[in-house]
Each structure stands twice: as structure tokens, then as C-alpha cells.
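Contents: one structure, followed by commentary.
Predicted model, so just to flag it, every value in this text is computed and none were measured. Residue numbers begin at 1 in each chain, while the letters A, B, ... track the order of the sequences.
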Amino acid sequence: MAELSKAYEPQLVEDKWYDFWLKQNCFTANPKSAKPAYSIVIPPPNVTGMLHMGHVLNNTIQDILARKARMDGKEVLWLPGTDHAGIATQVMVEKQLKKEEKKPRHDLGREEFLKRVWLWKEKHGDIIINQLKKLGSSCDWTRERFTMDPEYSRCVQKVFVELYKKGLIYRGKRMVNWCPVSQTALSDEEVEMKAQKGFMYHFKVEVAELPGTWLTIATTRPETIPGDTAVAVNPKDPRYTHLIGKHIVRPLPAELPREQKLIPIIGDEHVDFEFGTGVLKVTPAHDKADFDIGTRHKLPLIEVINADGSMNDLAGADLRGLDRFKARKVAVEKLTEQEALVEAKPYENNVGYSQRADVPIEPRLSEQWFLKYPAVEQSKACVAEGRMKFHPDRWAKVYDHWLTNIQDWCISRQLWWGHRIPVWSKRWQGNLRDILTDIAGLIIKDVYPQPAGFDSQDLAITINGKQYLADSVALQKLANSIDKSFDQTSEYYVQIATVNPSIQKNLELAGVEFSQDSDVLDTWFSSWLWPFATMGWPEQTETLKKFYPTTDLVTGPDIIFFWVARMIMAGYEFMGEPQFGLPDALPFQNVYFTGIIRDKQGRKMSKTLGNSPDPIELITKYGADALRFGTMRGAPLGQDVMFDEKDVELGRNFCNKLWNACRFRQMQGGEVQGEINPALLTNDDKWILLKLDAAIRELDTAFAAYKFSDATAALYRFFWNEYCDWYVEASKAVFYGTDDALKANTLAVIDFVLSHTLRLFHPFIPFISEELWHGMGYSTEMPADQGGETIMYAHWPKPFDAEFTAHYGLEACWLDIVNARNEFVTQGRNLRREGNIPANKKVKFQFQPAAQPAPQDLEVLKILLNAESLEVVPADFQPRKGTPTLRGAIGELFMPLEGLIDVDAEKGRLQKEIEKFDSEILKVEQKLANPNFTTKVPAAVLEDHRNRLIEWQAKREHARAALAALEG
RNA sequence: GCGCGGUUAGCUCAGUGGUAGAGCAUUACCUUGACACGGUAGGGGUCACAGGUUCGAACCCUGUAUCGCGCACCA
């Protein structure tokens with residue numbers, strides 16, 4: 001390797017290695033491999049989205065897992081792709097259309113508009129993929145999927161038809177969450193409850209049968225009064241029981257004749273008589289609870305709000321055409337004019353907002369498709385019983401609670417961008433015999449080959465709500481069996497759900513009479529199939545057999561219901577078939593929930609706040625490795641992440657440290673040293689090897705618990721605070737010396753440590769670790785498939801075994817010996833500091849060792865103390881009075897006549913130290929004097945305390961002696 | 001209302017029964033032959049509060065306060 005530059009420059013390195021990995025197909029999973037499988041599917045980002053910090057966190061974790069698994073010898077599939085994101089994408093294209101051509105989408109028509117969306121996708125779809133590559137994501141790009149791919153779309157259709165056949169999908173007129181801006185129904189999960197400041201209006205109405213008797217009604221939505229069809233009271237409420245059955249005069253619309261304003265007073269248990277006035281206005285067409293009351297009492301429905309949130313004709317002349325919020329104000333004015341308004345007091349209540357458009361949703365009655373969730377019990381059980389693990393596991397409770405209380409899923413959306421519902425329908429005048437015959441003709445098994453996994457069973461026929469056998473021969477037989485004389489002409493409603501393209505074509509060709517449902521499916525109705533639909537389902541592909549169920553899923557807790565829970569259900573429903581030979585239908589074994597990325601102030605990152613940094617800018621500025629390392633360092637399991645650019649800076653600094661540590665090795669010259677000679681190992685060599693072993697164990701523990709912040713912290717500590725701060729500094733004693741054999745051996749130790757360290761680093765900081773792996777020449781030492789070609793396939797380091805430890809004499813006592821020496825050095829440096837010796841000045845020390853040291857150890861001491869010389873003095877040596885002295889475990893250190901020591905300050909410091917020792921000694925003594933303690937405590941803890949007491953006492957003696965020397 | 005999580009150094013966070021830790025920030029000194037994206041030595045904490053269990057509590061239990069999140073048809 002050419003000489004390394006002084007600072008690490010990621011820009012020169014990252015793209016080079018990513019291209020290399022791609023060219024060598026390093027990310028491509030081989031289903032035929034004999035290695036055990038490891039797989040993850042990416043949570044597909046929005047195809048037109050941009051990388052944000054949430055993606056960085058999420059994908060870095062996935063990449064760490066994938067790279068670690070490769071080094072563990074697994075065959076890894078990390079399957080990437082994107083999501084079509086129905087509403088978000090459609091809105092984006094609509095906006096562009098409005099801006100550039102000043103047209104709403106309806107001016108273009110559905111077909112032309114969809115062409116525009118695809119154009120947009122072609123233009124922007126690669127952006128986020130390329131950004132993921134910049135981050136270093138080791139995805140198998142050869143398998144990249146998009147939820148609107150033809151193959152994927154067929155899966156979605158198949159799933160729809162299967163569930164439809166089972167009767168789990170149905171169409172019905174229900175109250176749904178309607179978004180007046182997007183003008184589509186939403187699922188319950190897409191509605192966010194928000195506190196909203198408004199008013200509670202009290203208005204009075206007269207009881208028609210009892211002139212002069214008035215009821216006061218409380219409402220937050222006076223604009224819906226024209227839609228009221230009853231007022232309800234609790235039948236047990238003594239204030240009102242006598243009024244049930246009578247009528248009130250509804251104040252709006254004002255222009256109606258009195259008889260059309262009369263609505264009944266009904267009794268319903270739902271009414272809480274503690275709340276408001278105990279009288280509830282019932283608007284069945286615009287409120288879910290009211291709709292239920294209306295159903296119980298067979299109340300008429302009056303719709304007064306249009307799909308776009310404006311008021312319609314039935315709302316009356318005063319409100320007609322107004323937006324619902326404007327209408328609220330006008331309704332209040334009208335009530336005031338009628339002197340019906342009693343009061344309006346400020347009030348805060350929770351209102352459901354459309355998550356996408358951020359406007360209050362409007363409960364609205366409409367015809368929609370619903371799904372009764374499949375496999376709910378199995379899905380609950382697998383998590384409850386721990387066969388699927390959540391990390392952190394508290395999310396299991398949230399998951400369980402949701403599954404226990406779920407309602408049917410509204411899966412249809414009144415959008416154009418998405419998977420169009422594969423149902424064709426027709427209102428058919430005729431007799432059943434002829435109709436069945438016609439249908440049999442439409443569904444004749446096609447002459448075109450079907451893709452593997454699809455067959456004629458992917459077809460369902462419903463006539464007037466009854467399902468018929470989906471087979472042309474059987475239908476014809478049935479038709480023939482109907483006696484003509486009984487078969488009368490009437491209207492039949494025929495629905496045909498099919499995946500088969502040729503039947504679909506037949507239905508289209510059947511002319512204007514058959515028409516495909518105009519709605520599309522909720523985007524999540526496609527992404528819940530992601531773990532298997534991306535692997536070639538319904539065909540039993542090699543990929544599916546090898547890599548399904550997947551191993552880990554990494555995602556945010558905000559989509560636990562939207563995506564995770566539904567994927568589990570889909571897994572059971574569609575992958576539970578025995579022919580796959582699966583032990584279980586779990587789509588994944590572990591779910592890791594990341595935190596939510598917030599800014600320094602703890603606010604969620606969002607486009608509107610503009611508080612989300614652009615990860616690509618951060619990569620440009622600091623490097624992808626720095627971004628990854630910094631993010632992981634600050635992202636503990638289960639906690640939200642308070643992101644700060646300082647974290648990335650930390651990552652950059654760390655990479656630079658690693659770079660320079662390698663540069664230091666490089667500057668000592670020579671080839672890679674393979675063999676370590678146990679006979680030549682210094683204390684420091686043994687110490688760093690033991691520390692390396694400890695680091696490997698820590699990493700393994702952290703990985704087992706998915707604690708990536710622990711892992712990065714351990715790596716940081718080991719490399720910076722142990723290897724660089726102590727070992728590298730100590731090794732200078734060898735390199736500045738003349739013993740070539742020792743130099744070679746030290747290089748061998750360094751090469752051993754660095755080559756292991758780089759491997760430990762690789763999953764976290766893939767680019768720099770690869771660069772240095774090659775640059776340092778470690779790749780040349782390895783077989784091609786075990787690191788020779790790339791560090792990606794180098795084996796993950798194992799903790800040292802007993803044989804290794806014995807061979808190199810790595811007893812644990814070396815840790816204590818070197819730790820004691822290090823502590824002595826720190827105190828010695830402190831002595832310099834207290835003596836006001838400038839950092840750049842070398843000092844002549846005298847050292848009175850407690851035991852005869854090896855010459856090499858003295859050299860190390862000298863270097864670490866930045867000493868000009870370290871004169872060993874005999875045991876009976878007496879330093880001159882007033883010499884700054886350090887008494888430590890390994891001996892005494894004198895700093896004769898150096899600097900301008902501030903005697904009083906030094907005395908003060910020593911006294912403070914002695915006080916600290918006193919209090920520690922007192923604490924331990926008190927414990928040891930307590931018989932309860934000495935008899936109940938484990939032997940090891942007792943021993944620990946006794947040792948601690950001795951240590952503190954020794955330290956106190958040393959400090960006292962130093963103080964005495966100063967005073968002398 | 002129910003459920004979950006947090007509260008430890010100025011800031012961001014580790015730390016699940018036995019000597020309170022890291023990074024950043026901060027103070028002093030230092031561009032010495034890996035690194036100023038650096039080095040060395042410091043300073044800084046009644047672990048939110050109150051009880052309890054224990055020989056011993058940041059850690060376990062009970063309660064309180066406070067912040068955040070999720071769920072819930074209160075007009």
C-alpha cells in the first residue's frame with residue numbers, strides 16, 4: 001500500500017469499494033449454497049421518497065446484521081425494494097400537474113394520469129435506491145422489487161381473490177374514515193387522534209308537543225344539525241324519560257316548514273347523562289356512534305356534507321356550498337339569530353385527523369371493500385408464546401392489544417395509483433340459466449399459459465351475494481339443470497374476481513356491461529405480502545425454500561400495526577401450507593424495533609419542521625462510515641434517538657483514529673508478520689491480547705441482545721482507550737529500541753490485533769475496514785473466500801480458546817500487572833502536571849521499584865512518562881527533602897528539583913485525596929464490622945471488600961508519605 | 001380513562017443488588033517522530049421525590065411528581 005495520507009478521506013474510498021462489491025457480486029444470495037441461510041427483507045421505502053435519518057438508522061442496522069451474518073459463514077439474502085405508496089405518490093404527481101399544467105388529474109383521465117405517475121416513478125424511483133447504496137447497504141440488488149411490478153401485482157390480486165373466495169373480503173356500505181382532501185376512505189390506522197381547541201355549543205330546542213318546554217343540547221359540530229334525525233336521551237335519566245317519543249323542532253335548516261323540522265326524542269343507553277346536558281343530537285350520516293344509534297332505532301340518514309367537505313343542498317340555503325368549518329361559524333350565527341344559542345364555551349376535544357393530509361377526517365357512509373383479518377389467533381399466539389421475538393419485547397403487549405381489538409380493515413381507496421381491485425361486476429337482466437351459461441363462456445380455461453403458482457382456482461363468481469363454483473364446465477352443468485319453466489327474468493348482480501389475465505381480457509371485451517371496480521387497494525394490502533411475494537410466491541422458488549421464513553425484521557414501532565402485524569397474519573394465511581415443508585408460517589423470527597429519530601430538542605423529524613438533516617449531505621461531509629458509526633453509537637435499543645450532528649463528527653473522528661493507528665503500523669515498516677513468538681511477548685502484548693479477547697466477547701454478547709450501541713461503545717473503548725492510548729504508546733519503547741526480534745514480534749502482535757479489529761469493525765464501518773484490510777495487506781494472508789478477496793467474507797473473530805490462551809501464556813494476572821503500571825503512569829503524569837511541567841518538556845525521574853523490573857519495562861515506563869531519563873535508585877535511597885514524590889503499587893517515583901511546584905496547592909490536593917481515602921476506608925470498614933454483612937455475603941464479595949480495604953489503606957499511606965515529604 | 005416508556009454530570013445516554021460510567025461540552029498544559037478529526041492531567045452527579053424490602057438499592061416493591069408515546073365512539 002502506498003503511504004497513507006495523514007487524515008482519512010472517505011470520498012476517495014467509499015464509491016470505489018461499493019463498485020467493487022457490486023462487480024464481484026458480493027451481495028448476491030445463492031439459494032443453492034450449502035451454507036445456512038440468513039435473510040432480511042427491507043421495509044420498502046416510498047419509491048419517490050428521499051433518504052432521511054430514519055432510513056439511515058434502520059438500514060444501518062440491517063446492514064450490520066447482514067454483514068455480520070456473512071462473516072459468520074451464512075448465506076445472506078437482504079432483499080431490497082420500494083413501495084408504491086398510493087396516496088403520497090399520487091398527491092405528489094397531482095401537485096406537479098397542477099403546477100406545470102394547471103390541471104386536476106380528472107382532466108387527464110385515469111389512463112393518462114397513471115402514465116404520468118409511471119414517468120415520475122421512472123425519474124425518481126432510483127433516487128432512494130442510490131442513496132441506500134451510498135450508505136453502504138449490502139442488499140441483493142439483483143432481486144430488487146417494487147410493489148407495482150407485474151409479478152408482485154399478480155400476487156396482490158391472487159391474495160385478494162383467495163380471501164374473497166373464503167368470504168373474508170366483502171363489499172359493504174359502512175361508516176368509514178373519509179379524508180375530504182385526498183377524497184378517499186382510510187383505514188382506522190391512518191387516522192390520528194389529535195387534541196383540538198374549539199367550542200362546546202349549547203343550543204335549545206322546543207319540544208313540539210309541549211310548547212314552552214325546551215331541551216338544551218351540547219355539540220361541537222353545529223353545522224351537522226341539518227343532518228340530525230333524532231335527539232337521544234338515556235332512558236334511565238329521570239329528567240327526560242317522560243319526553244321519549246315526543247319530538248323537538250330542529251332549528252336548521254331554518255327555511256324548512258315546521259312539520260319537516262320535527263325529529264323524535266329517543267331513548268338510548270349510549271347517552272351518558274353526566275356529559276354535557278344529557279341530550280345528544282344524533283347525526284347518523286356523519287358520526288360513527290350516531291350511525292350505530294341510527295341503526296338501532298331505524299332512523300333516516302340525511303347526508304349534508306359532500307365528499308370534498310363542503311355542505312350540500314340538504315344543509316339548507318344558509319350553509320349550502322360552504323366548507324364544513326366555515327359552515328360551523330354560519331350555523332352558530334343562525335342559531336344566535338334564532339335566539340337558540342345558549343352558550344359557546346372554549347372546549348378541547350380529540351378529533352381524528354387524516355395522517356396524510358393533516359385535516360380532520362369526516363366519518364362518512366360509503367360503499368367500500370373490507371377484510372376480516374385472517375389467522376388472528378395464530379398471529380397472536382406466535383408472539384405471546386415467544387416463537388417470534390420482539391426486541392424490545394414490550395412491543396409484544398402493544399401488538400397483542402391491537403390484535404385483540406381489531407375491526408375489519410377497509411382496504412379500498414378511491415385513488416388511481418395502486419393495485420386496482422380485480423373484480424368485474426354487472427347488473428344483469430335475464431334468467432339465471434342464461435346468465436350462468438354466459439359466465440361459463442367467459443371463464444373457459446384460457447389458452448395462454450399461466451405463471452407457475454397460479455391456476456384456475458384463482459377465480460371467484462358471486463351472483464346476488466352467493467358464491468358459485470368457479471369452473472366453466474360445472475357452471476354449464478348447473479345452468480343446464482335449471483328448469484326453464486321456473487327460471488324467471490329478474491335482475492342479478494354478478495361479481496367476478498379473477499387473477500387470470502385472459503379471463504380479465506374476456507371481461508373487458510364483454511363490453512360496457514362488465515366493468516372493473518374503480519377503486520384501488522390500500523398500499524399496505526400489497527406490502528403485507530412483502531416477505532414472500534418478493535421471493536417469487538406463489539411459485540415454490542428456490543429462493544423461497546432457502547430464505548423463507550426470514551431471520552430478522554428491522555422496522556419502526558410506528559408501523560407495528562400497519563405492517564408488522566399484517567405481515568404476520570399474511571404469513572400464516574398464505575405460507576402455512578404444508579407443501580413448503582415449513583416448521584412454522586412465521587414470516588420472520590425476530591423483529592427489531594428501532595427508536596424514532598428526533599432532533600436535539602426531542603421533536604420528531606419532519607419535512608415541515610425542516611429539522612431533518614439530509615443524510616447524503618452528512619455522508620459528503622463526514623463519510624458514510626462516520627454517519628453509520630455515529631448513529632449507532634447514539635441509538636440504544638428501545639429508546640428514541642436524539643440526533644445531533646456531533647454524533648457523526650464522533651464517527652468521523654473515530655474513523656480518522658483508526659486510519660492513523662494503521663498508519664502508525666505502516667510507518668514501522670516490514671511485511672505483515674504472521675507468527676507471534678510466545679517467548680518474546682511483553683507484558684503489554686499479553687495485556688492487549690487479553691483486552692482483544694474481552695472485546696470479542698463483549699461484541700458477541702451485544703449482538704446476541706441486538707444492542708448495537710453497546711457494540712459500538714465496546715469497539716470504541718477497546719480501540720481508542722486500550723489499543724491506542726496504552727498499547728500503541730507502550731510499543732514505541734520497542735520501536736525506538738534496537739532489538740529487531742522484539743520489533744518483529746511486536747509487529748506480529750499489532751498485525752494480529754489490527755486484523756481482528758478490522759473484522760470486528762466491518763459490519764459497522766464497511767468502507768474504511770475494507771480499505772485498510774487491503775491496504776495493510778491482511779487480505780493477502782487469507783484464502784480468497786475467507787477474506788482474500790474482501791473482508792466481507794473474512795471469518796468473524798472467535799474468543800480465544802484454552803489452547804490459544806495457554807500457548808501464549810495469557811493468564812488474567814497480566815491484566816492486573818499492566819493495569820497497576822498504567823495507574824502508576826497516570827499518577828506520575830499527574831505529578832508532572834502538579835509540578836507545572838509543560839507537556840512538551842521531558843523530565844528526569846528517579847524510580848525506586850518495589851520489585852526488580854525487566855529492562856524493557858523500564859523503557860516502557862520512560863516512554864509513557866515522557867521522561868528524559870528514568871534512573872533506578874536503590875531501596876535505601878532518600879530523595880532530597882521537598883522532592884515531589886509518587887508512591888504507588890509498583891514503586892516510588894521522584895521528580896527531583898523540577899519545575900516550580902506550588903507546595904500549598906500540592907498539599908491541598910494530597911489532603912483532599914487523603915480525605916477521599918478516609919471516607920472510602922470508613923465505608924468499607926463499617927461494612928466489614930457488620931456481622932450481618934460478613935455472614936450473609938457471598939465469599940467473593942467479602943474477599944473483594946477486604947482487598948479493597950487494603951488497597952485504599954495503601955493508597956492513603958502513599959499519599960500521607962508524599963505529604964510528609966513535602967512538609968519535610 | 002387504560003396501557004407503555006423516560007426522569008443518572010451542562011448536553012446526549014450506558015449502567016437490573018456489592019467502589020457511580022462514556023461521548024460531547026468545560027479547565028489547564030502541549031503542535032513531541034500515527035492522529036489537533038489529536039495528546040496529557042483535571043473539574044463536574046443527595047442517580048426526579050417519598051416510603052418499603054435487604055447486611056447492602058441508581059437497580060427490586062409501593063406511591064407521588066413530571067415529560068413523551070400508544071390505545072379509547074364521550075356529544
Side-chain angles (χ1 to χ4, degrees), chain A residues 4 6-8 193 200 217-221 232 270-272 274-283 287-293 349-350 352 363 392 394-395 397-398 401-402 405 557-558 560-561 596 598 600 602 622 626 630 633-636 638-644 646-647 649-668 707 709-710 713 716-717 721 724-725 728-729 732 735-736 826-827 829-834 836-842 866 909 920 923-924 927 930-938 940-942 944-945 948 951-952:
Chain A
L4 297 177
K6 201 169 166 183
Y8 174 56
M193 297 306 276
M200 178 69 86
I217 301 173
T219 182
T220 52
R221 301 200 63 191
H270 170 78
V271 182
D272 176 356
E274 305 270 307
F275 192 88
T277 60
V279 186
L280 172 68
K281 71 192 251 325
V282 183
T283 326
D287 184 280
K288 265 186 190 175
D290 290 3
F291 178 79
D292 293 340
I293 296 175
N349 63 337
N350 285 329
R394 67 185 141 89
W395 293 109
K397 204 168 172 178
V398 177
H401 182 255
W402 184 75
N405 296 293
D558 47 340
I560 185 170
F561 312 136
I596 299 201
R598 298 173 182 281
K600 268 198 282 189
Y622 297 104
R633 180 78 210 267
Q639 292 309 120
D640 283 357
V641 183
M642 303 291 167
F643 180 80
D644 186 345
K646 285 272 177 201
D647 294 336
E649 211 175 297
L650 168 114
R652 182 209 42 192
N653 294 354
F654 186 78
C655 289
N656 191 55
K657 189 76 175 176
L658 175 60
W659 181 260
N660 275 289
C662 288
R663 196 160 85 100
F664 172 78
R665 159 65 185 89
Q666 205 75 345
M667 290 168 85
Q668 307 315 317
K707 291 192 170 181
S709 60
D710 282 12
Y716 189 100
R717 192 216 58 236
N721 302 120
C724 289
D725 286 354
V728 168
E729 292 308 316
K732 288 175 182 173
F735 294 127
Y736 297 168
T826 301
Q827 288 173 332
R829 288 164 173 173
N830 186 28
L831 205 61
R832 295 175 47 116
R833 169 86 200 98
E834 296 299 323
N836 289 319
I837 311 288
N840 59 348
K841 189 166 185 238
K842 288 192 186 281
N866 195 21
R909 189 185 69 83
E920 293 296 337
K923 266 197 269 180
V924 185
K927 275 189 173 184
N930 182 349
N932 266 328
F933 178 78
T934 46
T935 52
K936 286 184 182 172
V937 122
V941 175
L942 187 61
D944 230 41
H945 279 73
R948 205 187 299 158
E951 272 172 38
W952 287 125

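- When the options D290(A), V282(A), L280(A), D292(A) are evaluated for a side chain to side chain contact (heavy atoms under 4.5 Å, CB included) with H270(A), the one that passes is L280(A).
- Counting only Watson-Crick or G-U wobble pairs whose defining distances are both under 3.5 Å, the stems of 3 or more consecutive pairs in RNA chain B are B:1-7 with B:65-71, B:10-13 with B:21-24, B:26-30 with B:38-42, B:48-52 with B:60-64.
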Fill in the blank from the handout: Letter by letter from the 5' end, nucleotides 30-37 of chain B scores (B base, S sugar-phosphate only, - none; protein heavy atoms under 4.0 Å) SS-BBBSB

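- Residue N930(A) places none of its side-chain N or O atoms closer than 4.0 Å to OP1 or OP2 of G56(B).
- Listed by chain and residue number, L215(A), I217(A), V231(A), V233(A), Y240(A), T277(A) satisfy the side chain to side chain contact (heavy atoms under 4.5 Å, CB included) test with V279(A) (two or more places apart in sequence, or in another chain).
- The phosphate of C4(B) has OP1 or OP2 within less than 4.0 Å of a side-chain N or O from K397(A).
- Remark: R394(A) pairs with no residue by the salt bridge (charged side-chain N to carboxylate O under 4.0 Å, His left out) rule, at least two apart or across chains.
- In this structure, CG of N405(A) is placed 8 Å from C1' of C71(B), rounded to the nearest angstrom.
- Put simply, R394(A) has no side-chain N or O that comes within less than 4.0 Å of OP1 or OP2 on C4(B).
- Every side chain to side chain contact (heavy atoms under 4.5 Å, CB included) that T220(A) has, sequence neighbours left out, goes to M200(A), Y347(A), N349(A).
- Within the structure, a side-chain polar atom (N or O) of T826(A) is placed less than 4.0 Å from OP1 or OP2 of A41(B).
- Every residue meeting the ring pair (Phe, Tyr, Trp, His ring centres under 6.0 Å) condition with F561(A), not counting sequence neighbours, appears here in chain and number order: W402(A).
- Applying the side chain to side chain contact (heavy atoms under 4.5 Å, CB included) criterion to R652(A), with sequence neighbours excluded, gives Y622(A), A626(A), E649(A).
- Not counting sequence neighbours, the partners of Y8(A) by the ring pair (Phe, Tyr, Trp, His ring centres under 6.0 Å) test are W659(A).
- Residues satisfying the side chain to side chain contact (heavy atoms under 4.5 Å, CB included) criterion with D725(A), sequence neighbours excluded, are W720(A), N721(A).
- In terms of the ring pair (Phe, Tyr, Trp, His ring centres under 6.0 Å) criterion, Y736(A) has no residue partners (sequence neighbours excluded).
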What are the atom names and distances for every N/O pair under 3.5 Å that joins the protein to nucleotides 19-21 of chain B?
{"unit_1": "U19(B)", "atom_1": "O4'", "unit_2": "R948(A)", "atom_2": "NH1", "d": "3.2"}

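- Evaluation of the salt bridge (charged side-chain N to carboxylate O under 4.0 Å, His left out) rule for K923(A) yields E920(A) as partners, not counting sequence neighbours.
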Exercise for the section: Could you walk me through whether K281(A) and T283(A) pass side-chain contact (heavy atoms from CB on, under 4.5 Å), step by step? Expected result: CA-CA 7 Å; K281(A) 71 192 251 325; T283(A) 326; 3.1 Å; yes

